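Just so we're on the same page: letters track the sequence lines, and every chain starts at 1. Since we're looking at a predicted model, the values are computed, not measured.
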Amino acid sequence: MSTAETPGSSNFIRTIINEDLHSGKHDQVITRFPPEPNGYLHIGHAKSICLNFGLATEYQGRCNLRFDDTNPTKEEDEYVEAIKQDVAWLGFAWGEQPLFASDYFAQLYRWAIKLIEKGKAYVDSQNAEEMRANRGTLTQAGTDSPYRNRSVEENLQLFEKMKNGDFADGSHILRAKIDMAAPNMNLRDPAMYRILHAQHHRTGDKWCIYPMYDFAHGQEDSIEGVTHSICTLEFEDHRPLYEWFLKELEIFAPQQIEFARLNLSYTVMSKRKLLQLVNDQHVDGWDDPRMPTVSGMRRRGYPAAAIRSFCERIGVGRNASWIDLSILEDCVREQLNETSFRRQAVLKPLKVTITNYPHDKVEELEAPNHPQRPEQGSRMLPFCNELWVDRDDFMQAPPKKFFRLGPDREVRLRNGYIIKCDEIIKDDSGEVVELKCSADLDTLGKNPVGRKVKGIIHWVSARHAAKVTVRSYDRLFNQENPDKAENYLAALNPESLHVSEALVEPSLLAARGGETFQFERVGYFTVDSKDSGEGQPVFNRTVTLRDAWAKMK
RNA sequence: UGGGGCGUCGCCAAGCGGUAAGGCACCGGAUUUUGAUUCCGGCAUUCCCAGGUUCGAUUCCUGGCGCCCCAGCCA
């Protein structure tokens with residue numbers, strides 16, 4: 001477990017834990033991260049993972065990875081494998097084996113019988129529509145089921161038959177007998193077990209009844225000795241139920257604590273919607289670099305440390321909050337600036353010919369891998385009289401503040417000479433196709449005397465450059481909150497992916513999948529692990545560099 | 001309109017009766033062969049509003065207002 005990060009600021013959960021430790025209520029901290037294996041993990045889950053595993057580490061306790069697999073119709077092994085990989089990649093460990101709610105099915109079944117015997121649960125034979133109709137509304141009490149007062153014996157028999165598979169799906173259901181008039185809807189005789197003749201990813205067809213979340217989660221926590229069961233705010237209304245089951249079952253009662261889920265601007269977070277983006281092929285898969293999934297961010301090139309740092313920075317509270325994407329991006333840049341080697345790459349090429357440099361001469365110019373860290377070494381850049389520079393670094397009629405190429409303007413070639421633009425070549429349509437420049441050959445590694453050249457631009461040798469595919473990503477949605485749109489799909493950004501060919505320094509051809517480089521003055525780019533071939537790297541733009549000039553414009 | 005929550009700077013977020021931390025964003029300025037990084041400096045006399053208690057309230061009380069969640073045999 002690699003959590004050398006800062007302890008972080010105070011939050012209400014740390015306060016509760018500290019109190020519990022000081023009062024002697026607990027002498028250790030046990031948490032859990034309980035995903036349902038019905039989709040891939042996203043940045044919202046990452047917040048929960050960092051919180052739960054982070055707390056366990058901080059208090060030298062334990063955090064269980066427990067799959068909440070109580071609904072066989074939606075859960076698959078593919079998801080449990082992906083989730084395990086994501087949690088591990090984020091830097092957390094869960095002991096020898098992950099846990100599963102399905103491991104507790106037998107115990108849960110015995111507990112259901114116990115409640116029936118106590119007269120606290122009954123088999124209802126209304127269908128789903130009748131149950132809904134009799135549940136009442138937010139302002140009106142519900143009505144008791146006509147089956148509510150079946151005898152314990154009859155309930156026991158019926159429930160056993162449910163378990164044995166004697167009934168069709170939906171024909172009967174086990175309910176807790178609480179209060180059909182409770183103002184909290186969750187207490188109006190909530191469902192405990194439903195009949196589901198479905199293949200479970202782990203138990204196969206052993207069971208044909210499955211516990212509902214409410215009848216499973218608290219008991220799972222209890223079995224595992226979880227001290228603090230941390231979940232999101234929507235479950236707040238379920239807490240009385242959570243506590244009711246534990247009390248009626250007379251078993252250890254963990255404390256449920258709710259926090260606000262993460263909302264990120266310009267993205268959606270619901271698994272249903274993410275699944276639809278995948279199924280309808282609006283994206284390339286769960287791990288498409290535009291997805292807010294852990295696997296998508298990993299493929300995009302976000303370091304795990306950046307995600308951890310992000311989760312620490314945003315804090316934990318109970319306000320429904322919207323986090324600005326810029327915070328995540330700042331965390332990513334913070335990490336990548338430290339670790340990434342610098343390289344030169346031209347994304348929008350414009351030809352430059354150095355008129356006073358010999359046609360047949362080639363020089364190797366030394367360039368540091370990381371200017372702030374000379375110990376990281378250097379690589380050699382081939383230089384000749386034909387270069388590519390970026391179109392954005394040239395203007396025919398530049399404003400005074402444009403510190404780049406323009407008629408008669410001088411500029412430093414990064415890691416190379418100072419050149420001056422003498423002549424502009426255009427094609428028939430008037431488009432600039434080439435610049436003729438002269439180099440000051442006495443400016444390698446030193447400044448010219450008598451004048452100052454402020455601008456620096458990146459370049460590659462046209463005779464040596466390699467051509468690679470670059471995928472530039474933009475936000476997946478155009479609206480700050482896609483959920484507010486009539487249809488969130490309409491808020492999809494049609495320009496979220498831009499594929500282009502870039503000309504890069506030859507050393508980049510050896511880049512391996514997952515490696516990230518800073519293309520100087522442009523951004524951070526990560527070699528795609530799926531689509532890159534041997535000697536044919538495909539670069540995903542992880543994040544751009546900050547661009548003060550872009551702001552000035 | 002039933003129940004449960006939440007309201008501190010543009011976005012997050014500390015604070016828990018003693019006179020508003022921090023981060024992101026933003027605005028200045030310094031250094032710089034990345035208009036990057038780094039570095040300095042600025043950025044809420046005010047804590048949803050109105051009353052009240054108190055020597056003193058963002059913190060306590062009362063009343064408003066606003067926002068979020070709940071009527072799956074999903075989790």
In RNA chain B, consecutive runs of at least three Watson-Crick or G-U pairs below 3.5 Å, as range with range, amount to B:2-7 with B:65-70, B:10-12 with B:22-24, B:26-30 with B:38-42, B:48-52 with B:60-64
Between [M] and [N], how far apart are the [atom1] atoms? Round to whole Å, please.
N     : M     : atom1 : result
B:C69 : B:A57 : C1'   : 30 Å
B:G3  : B:G42 : P     : 49 Å
B:C27 : B:U54 : C1'   : 41 Å
B:U62 : B:G4  : P     : 15 Å
B:G18 : B:A25 : P     : 33 Å
B:A36 : B:G29 : P     : 13 Å
B:U38 : B:A44 : C1'   : 28 Å
B:U58 : B:A50 : C1'   : 16 Å

OP1 or OP2 of [N] less than 4.0 angstrom from a side-chain nitrogen or oxygen of [X], does that happen here?
X        : N     : result
A:Ser10  : B:G15 : yes
A:Arg333 : B:C24 : no
A:Asn186 : B:G3  : no
A:Thr70  : B:A75 : yes
A:Lys454 : B:U32 : no
A:Arg135 : B:G72 : yes

Between [N] ([atom2]) and [X] ([atom1]): distance, integer Å:
X        : N     : atom1 : atom2 : value
A:Trp244 : B:G3  : CH2   : P     : 22 Å
A:Trp549 : B:U34 : CH2   : P     : 18 Å
A:Asn481 : B:C11 : CG    : P     : 14 Å
A:His42  : B:A75 : NE2   : C1'   : 12 Å
A:Ile456 : B:U31 : CD1   : P     : 14 Å
A:Glu75  : B:C74 : CD    : P     : 11 Å

Heavy atoms under 4.0 Å, any strand shown: does [X] hit a base, just sugar-phosphate, or nothing?
X        : result
A:Ala128 : base
A:Arg342 : base
A:Glu236 : sugar-phosphate
A:Gln126 : base
A:Arg318 : sugar-phosphate
A:Lys271 : nothing
A:Thr443 : base
A:Leu264 : nothing
A:Thr137 : base
A:Tyr210 : nothing
A:Pro35  : nothing
A:Asn71  : sugar-phosphate
A:Gln518 : base
A:Ile314 : sugar-phosphate

Which nucleotide wins on minimum distance to the side chain of [X], given the candidates [options]?
X        : options             : answer
A:Arg132 : B:C12, B:G72, B:A75 : B:G72
A:Ile327 : B:C26, B:C24, B:C69 : B:C24
A:Arg313 : B:U34, B:C73, B:C24 : B:C24
A:Ala548 : B:A36, B:U34, B:U1  : B:A36
A:Glu520 : B:G2, B:U34, B:U8   : B:U34
A:Met212 : B:A71, B:G72, B:C24 : B:G72
A:Ala191 : B:G35, B:A36, B:C73 : B:C73
A:Asn11  : B:C69, B:A25, B:A14 : B:A14
A:Glu36  : B:C74, B:C24, B:C70 : B:C74

Pair [X] and [Y], ring centroids less than 6.0 Å apart:
X        : Y        : value
A:Tyr79  : A:Tyr40  : yes
A:Phe235 : A:His217 : no
A:Phe383 : A:Trp459 : yes
A:Tyr266 : A:Phe477 : no

For A:Phe67 and A:Phe100, take the angle between the two ring planes, folded into 0 to 90°, and tell me which bin it lands in: parallel under 30, tilted 30 to 60, perpendicular over 60.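 Parallel.
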Classify the angle between the aromatic ring planes of A:Trp207 and A:Phe105 as parallel (below 30°), tilted (30 to 60°) or perpendicular (above 60°). perpendicular
Are any side-chain N or O atoms of A:Thr526 and backbone N or O atoms of A:Thr542, one a donor and one an acceptor, separated by less than 3.5 Å?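 A pair under 3.5 Å: no.
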If you find the nucleotide of RNA chain B closest to A:Arg404 and the one closest to A:Trp322, which residue's nucleotide is nearer the 5' end?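 Looking at RNA chain B, the more 5' nearest nucleotide goes with A:Trp322.
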I want to confirm an ordering. Mapping A:Tyr213 and A:Leu138 to their closest nucleotides on RNA chain B, which one lands closer to the 5' end? A:Leu138
Could you tell me whether A:Arg379 and A:Glu505 have a side-chain N and a carboxylate O separated by less than 4.0 Å?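 Yes.
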Check this for me, if you would: do A:Asp103 and A:Arg202 make a salt bridge, where the nitrogen-to-carboxylate-oxygen distance has to be below 4.0 angstrom? yes
Do A:Ser321 and A:Asn319 have side-chain atoms, one donor and one acceptor, less than 3.5 Å apart? no
Which is it for B:G23, anti or syn, if anything within 90° of zero counts as syn? anti
What's the spacing between A:Gln344 CD and A:Leu413 CG if we round to 0.5 Å?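 The CD atom of A:Gln344 sits 8.5 Å away from the CG atom of A:Leu413.
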Would you compute the distance between atom CD1 of A:Ile43 and atom OG1 of A:Thr267 and round it to the nearest 0.5 angstrom?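 Output value for this atom pair is 9.0 Å.
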Quiz question: going by heavy-atom distance under 3.5 Å, is there a donor-acceptor pair between the base of [N] and the side chain of [X]?
X        : N     : value
A:Glu312 : B:A13 : no
A:Asp547 : B:G35 : no
A:His458 : B:A36 : no

